[in-house]
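Here's the structure, in structure tokens; my notes come after.
For this chain, numbers begin at 1 and follow the sequence in order.
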Amino acid sequence: MQRLKMGGIGSPKLVMLDASLQITNLMNLDNNRNVCNIELRPKGIIIGFRSGLDPYALIIPYHKLVVYKGSPEDYSIYMDNYFVKIQARDKDQDVHQFMKKLLKAKIESGNGSVEDV
């Protein structure tokens with residue numbers, strides 16, 4: 001029910017521009033385009049990506065999630081010493097709408113405020 005109320009919990013395909021060293025080392029194992037997706041969960045988010053045929057996930061609880069809006073075309077998602085920088089061009093309105101939904105979910109969980117953004 002909650003997923004339907006939110007209008008879906010999964011992001012569109014997101015292009016990864018940069019990532020922390022641990023994630024970059026995994027992504028360098030193949031020559032495919034580095035893409036990921038984000039899934040909203042009740043207590044945090046899951047960033048999923050693939051390297052070769054192996055799926056990987058970075059699980060981030062809302063209380064450790066930090067989102068930065070760098071330039072108008074990217075978002076950076078941080079947790080401790082891990083980060084993923086994703087592309088969000090102006091024509092990718094779905095990405096901007098999803099990031100608004102993510103920030104709203106963080107605030108509603110009680111682990112954030114508008115000042116965190």
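- In this structure, CD1 in Ile47 is found 11.5 Å from CD in Glu39, a value given to the nearest 0.5 Å.
- In this structure, CG in Asn37 is found 11.0 Å from CE in Met16, a value given to the nearest 0.5 Å.
- Screening Asp94, Ile86, Leu14 for a side-chain contact (heavy atoms from CB on, under 4.5 Å) involving Met99 leaves a single residue, Ile86.
- No donor-acceptor contact under 3.5 angstrom links the side chains of Asp54 and Ser51, judged on distance only.
- To the nearest 0.5 Å, the span separating CD1 on Ile46 from OG on Ser11 amounts to 11.5 Å.
- Residues Leu17 and Tyr56 do not share a hydrophobic cluster, defined by chaining ILVMFWY side chains whose heavy atoms lie under 4.5 Å apart.
- In this structure, Arg41 contributes its side chain and Gly44 its backbone to no donor-acceptor pair below 3.5 Å.
- With Lys101 contributing its side chain and Lys104 its backbone, the two residues share no donor-acceptor pair below 3.5 Å.
- Counting only heavy atoms from C-beta outward, the side chains of Leu58 and Phe83 never approach each other to under 4.5 Å.
- Between Asn81 and Gln22 there is a side-chain heavy-atom pair separated by less than 4.5 Å.
- Although no hydrogens or angles enter the test, the distance criterion places no donor-acceptor pair under 3.5 Å between the side chain of Ser76 and the main chain of Lys85.
- Nearest heavy-atom pair across Ala19 and Ile23 is CB-CG2, 3.7 Å.
- Phe49 and Ile59 fall into different hydrophobic clusters, where Ile, Leu, Val, Met, Phe, Trp and Tyr residues are linked whenever their side-chain heavy atoms come under 4.5 Å apart, directly or through other members.
- Listed by chain and residue number, nothing satisfies the ring pair (Phe, Tyr, Trp, His ring centres under 6.0 Å) test with Tyr82 (two or more places apart in sequence, or in another chain).
- Under the 4.5 Å side-chain criterion, counting only non-hydrogen atoms from C-beta, Leu102 is in contact with Leu65.
- The side-chain heavy atoms of Val67 and Lys106, taken from C-beta on, include no pair separated by under 4.5 Å.
- Side chains of Ile77 and Ile45 form a contact here, defined as non-hydrogen atoms less than 4.5 Å apart.
- Linking Ile, Leu, Val, Met, Phe, Trp and Tyr whenever their side-chain heavy atoms come within less than 4.5 Å leaves Val35 and Ile60 in two separate clusters.
- Residue Ile38 holds its CD1 atom at 12.5 Å from CD1 of Ile9, rounded to the nearest 0.5 Å.
- Between Val95 and Gln87, the shortest heavy-atom contact is CG1-O, 4.1 Å.
- Nearest approach of Ala88 to His96, heavy atoms of both residues: O-NE2, 3.4 Å.
- By the criterion of side-chain heavy atoms lying less than 4.5 angstrom apart, applied directly or through intervening Ile, Leu, Val, Met, Phe, Trp or Tyr residues, Tyr75 is not grouped with Val15; the two fall into different hydrophobic clusters.
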